[in-house]
Amino acid sequence: MFGLHRGYGRAGGSYRSIDVASRIEGATPHGLVQILFDELQRALETLAALGPTGDPARRNERHARAVSILHGLESSLDMEKGGEIAHSLDLIYRESRRLLDLFQRNGDMAALAQTRSMIADISTAWNAIS
């Protein structure tokens with residue numbers, strides 16, 4: 001948005017990395033998961049803005065980042081203590097990865113929109129937990 005990524009790509013990326021690193025440094029475990037959701041949503045927003053025909057290198061990088069974050073969220077689930085909620089989140093994360101792969105392979109914008117919606121819902125619910 002506002003040309004930050006185009007005109008100031010490297011500088012913007014560096015400042016962004018510093019911002020994320022400083023947020024991580026003092027975060028609680030709950031806060032760390034929220035940072036993952038925030039970063040995942042940013043990657044998904046960029047994919048939506050690029051669309052199926054946008055900059056292939058950037059699209060590949062954002063896709064890989066989103067899938068990596070989904071793997072991280074999935075691996076953080078405690079299936080024993082989390083019970084049904086953990087199992088439901090596991091299914092959502094797996095479905096999100098499947099839908100992202102559909103978008104990446106076929107340019108399926110509906111699959112990307114569905115992923116964005118599911119992740120936004122979970123992120124909003126996570127934010128509501130204090």
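These values consider heavy atoms only, across backbone and side chains, with no hydrogens, waters or symmetry-generated copies.
Evaluation of the side chain to side chain donor-acceptor pair (under 3.5 Å) test over residues 112-124, restricted to residues two or more places apart or in two chains, returns Q34-S123, Q41-S123. Screening residues 75-93 for salt bridge (charged side-chain N to carboxylate O under 4.0 Å, His left out) gives D90-R94 as the qualifying pairs, with residues at least two apart or on separate chains. Residue pairs satisfying the salt bridge (charged side-chain N to carboxylate O under 4.0 Å, His left out) criterion with at least one member in residues 27-37, sequence neighbours excluded, are absent.
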Verdict with reasoning, R62 to L44, per side chain to side chain contact (heavy atoms under 4.5 Å, CB included): CA-CA 7 Å; R62 293 285 88 188; L44 296 174; over 6 Å; no
What verdict does the side chain to side chain contact (heavy atoms under 4.5 Å, CB included) test give for E74 and R97, after you've listed the backbone C-alpha separation in whole Å, the side-chain angles of each residue and the deciding distance to 0.1 Å? CA-CA 11 Å; E74 187 178 347; R97 286 197 323 268; 2.3 Å; yes
Would you please test I69 and F37 for side chain to side chain contact (heavy atoms under 4.5 Å, CB included) and show each step? CA-CA 8 Å; I69 292 169; F37 280 125; over 6 Å; no
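Between L100 and L112 there is a side-chain heavy-atom pair separated by less than 4.5 Å. Side-chain atoms of L36 and L32, non-hydrogen and from C-beta on, never get closer than 4.5 Å to each other. Contact check for H87 versus L91: no side-chain heavy atoms found under the 4.5 Å cut-off. Looking at heavy atoms from C-beta onward, M118 lies out of side-chain contact with Y93 at the 4.5 angstrom threshold.
R58 and E61 are not joined by a salt bridge, as no carboxylate oxygen comes within less than 4.0 angstrom of a charged side-chain nitrogen. A salt bridge links E39 to R42: at least one charged side-chain nitrogen sits closer than 4.0 Å to a carboxylate oxygen.
Taking the six-membered ring where tryptophan is involved, the planes of W126 and H30 are essentially parallel, since the angle between them stays under 30° and well short of 60°.
In terms of heavy atoms, G51 sits closest to R59 at O-CD, 3.4 Å. A86 approaches M79 most closely through the heavy-atom pair CB-SD, 3.7 Å.
Here the options are I122, V67, I119, I35, the test is side chain to side chain contact (heavy atoms under 4.5 Å, CB included), and the partner is L40; only I119 passes.
Put simply, CE on M109 and CG on L47 are 8.5 Å apart, with the number rounded to the nearest 0.5 Å. The CG atom of D55 sits 11.0 Å away from the OG1 atom of T46 when rounded to the nearest 0.5 Å.
Looking at R65, its side chain never comes within 3.5 Å of a backbone N or O of A43 through a donor-acceptor pair.
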